[in-house]
Structures are given as structure tokens and as C-alpha cells.
Amino acid sequence: MTRPENVLAFLRLEDPGLMLTMGGAMAVTLLGYPLVRRRGRPLLGARFFLPTRSDIDPHRLVGAALFGLGWGLVGLCPGPALTGLAGGSPSVLLFVAAMFAGMFAYHRLFERK
């Protein structure tokens with residue numbers, strides 16, 4: 001996932017490797033999540049912090065669309081992009097700078113109280 005060409009090949013349905021990785025992660029989550037939820041609390045915390053809202057608001061839809069658009073156009077998502085900074089690629093640096101600028105702009109525009 002730190003190589004944009006692999007992600008873009010996955011999105012073009014040319015390389016199933018990433019799909020197998022995602023499928024494995026989903027299987028672990030589907031099996032593990034119910035087991036973890038049966039516990040009274042996390043191993044290293046006082047309680048679980050789970051979402052309380054179930055509605056879909058416009059901010060979530062726009063955020064998901066921007067995430068998908070960025071992933072599809074560039075082949076990077078935030079976690080692998082941060083990892084990719086170690087490689088020193090100017091395009092990854094630009095992507096991460098734009099990502100942080102977007103987060104800052106969102107905070108300034110929508111998170112003010």
C-alpha cells in the first residue's frame with residue numbers, strides 16, 4: 001500500500017494482491033470484533049470508545065468522497081502516505097502536505113465552536 005502503482009493496479013482490477021490483503025483484514029475483523037465486544041473493557045483501557053451516532057451526515061459523505069477521489073487519483077491513502085515519507089518522494093510529500101492542509105481547513109471551517 002505504500003506503492004501507489006500497486007494501489008492503482010488494484011483499483012483498475014489488474015492486481016488482486018491488495019484485494020486479498022483487504023479480504024484477510026475483513027475476515028479477522030468479522031471474527032475478532034464480536035469476541036472483543038464480549039469483554040467488559042479493553043485490556044489497556046477503562047472502557048471502549050465506540051461511535052454513538054448512526055446517521056449519515058453530509059460531512060461524512062463529502063469526506064468519504066474526497067478520500068476515495070484522492071485514493072483513486074493518486075494511489076495513496078493517509079497511513080501509507082505517511083509511511084511513504086521515509087522514501088523522500090516529492091509527490092508523496094506534496095500529497096501529505098495537501099492532506100494536512102485539508103485537515104487544517106476543515107478544522108478552521110467546520111470544527112469551530
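Everything numeric in this text was worked out from a predicted model, so none of it was measured. Positions are given from 1, in the same order as the sequence printed here.
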Checklist entry - At their closest point, which heavy atom of Pro78 faces which heavy atom of Met99, and how far apart are they? => result CB-SD, 3.5 Å
Next on the checklist: Is the ring pair Phe10/Trp71 parallel, tilted or perpendicular, if the boundaries are 30 and 60 degrees?
Outcome noted: tilted
Next on the checklist: Donor-acceptor pair, distance only, cut-off 3.5 Å: does the side chain of Arg60 make one with the backbone of Ala64?
Outcome noted: no
Checklist entry - In this structure, are over 12 heavy atoms from other groups packed under 6.0 Å from Phe100 atom CZ? => result no
Next on the checklist: Tell me whether the count of non-hydrogen atoms from other residues, nucleotides or ligands lying under 6.0 Å of CZ in Arg12 goes above 12.
Outcome noted: yes
Checklist entry - Are any non-hydrogen side-chain atoms of Leu18 and Asn6 less than 4.5 angstrom apart? => result no
Checklist entry - Going hydrophobic residue to hydrophobic residue with side-chain gaps under 4.5 angstrom, can you get from Val36 over to Leu31? => result no
Item to check | Nearest non-hydrogen partners of Thr29 and Pro34, listed with the distance | outcome: O-CD, 4.1 Å
Next on the checklist: So Leu76 and Val7, do their side chains get closer than 4.5 Å, heavy atoms only?
Outcome noted: no
Checklist entry - Do Leu20 and Leu11 belong together in a cluster built from hydrophobic side chains that touch within less than 4.5 Å? => result no
Checklist entry - Out of curiosity, does Phe95 fall in the hydrophobic cluster containing Met103 (side-chain heavy atoms, cut-off under 4.5 Å, transitive links)? => result yes
Next on the checklist: Please report the interatomic distance CZ(Arg41) to CG(Leu43), rounded to the nearest 0.5 Å.
Outcome noted: 8.0 Å
Checklist entry - Distance-only, no hydrogens or angles: does the Asp55 side chain make a donor-acceptor pair with backbone N or O of Asp57 under 3.5 Å? => result no
Checklist entry - Within a radius of less than 6.0 Å around CG of Leu30, do more than 12 heavy atoms belonging to other residues, nucleotides or ligands occur? => result yes
Item to check | Leu50 vs Arg37 side-chain heavy atoms within contact, under 4.5 Å | outcome: yes
Checklist entry - Given the rule that I, L, V, M, F, W and Y join up when any side-chain heavy atoms are under 4.5 Å apart, are Leu93 and Leu73 in one cluster? => result yes
Item to check | ILVMFWY network linking Tyr106 to Leu66, side-chain heavy atoms under 4.5 angstrom | outcome: no
Item to check | Short side-chain to backbone donor-acceptor contact, Thr83 and Gly79, under 3.5 Å | outcome: yes
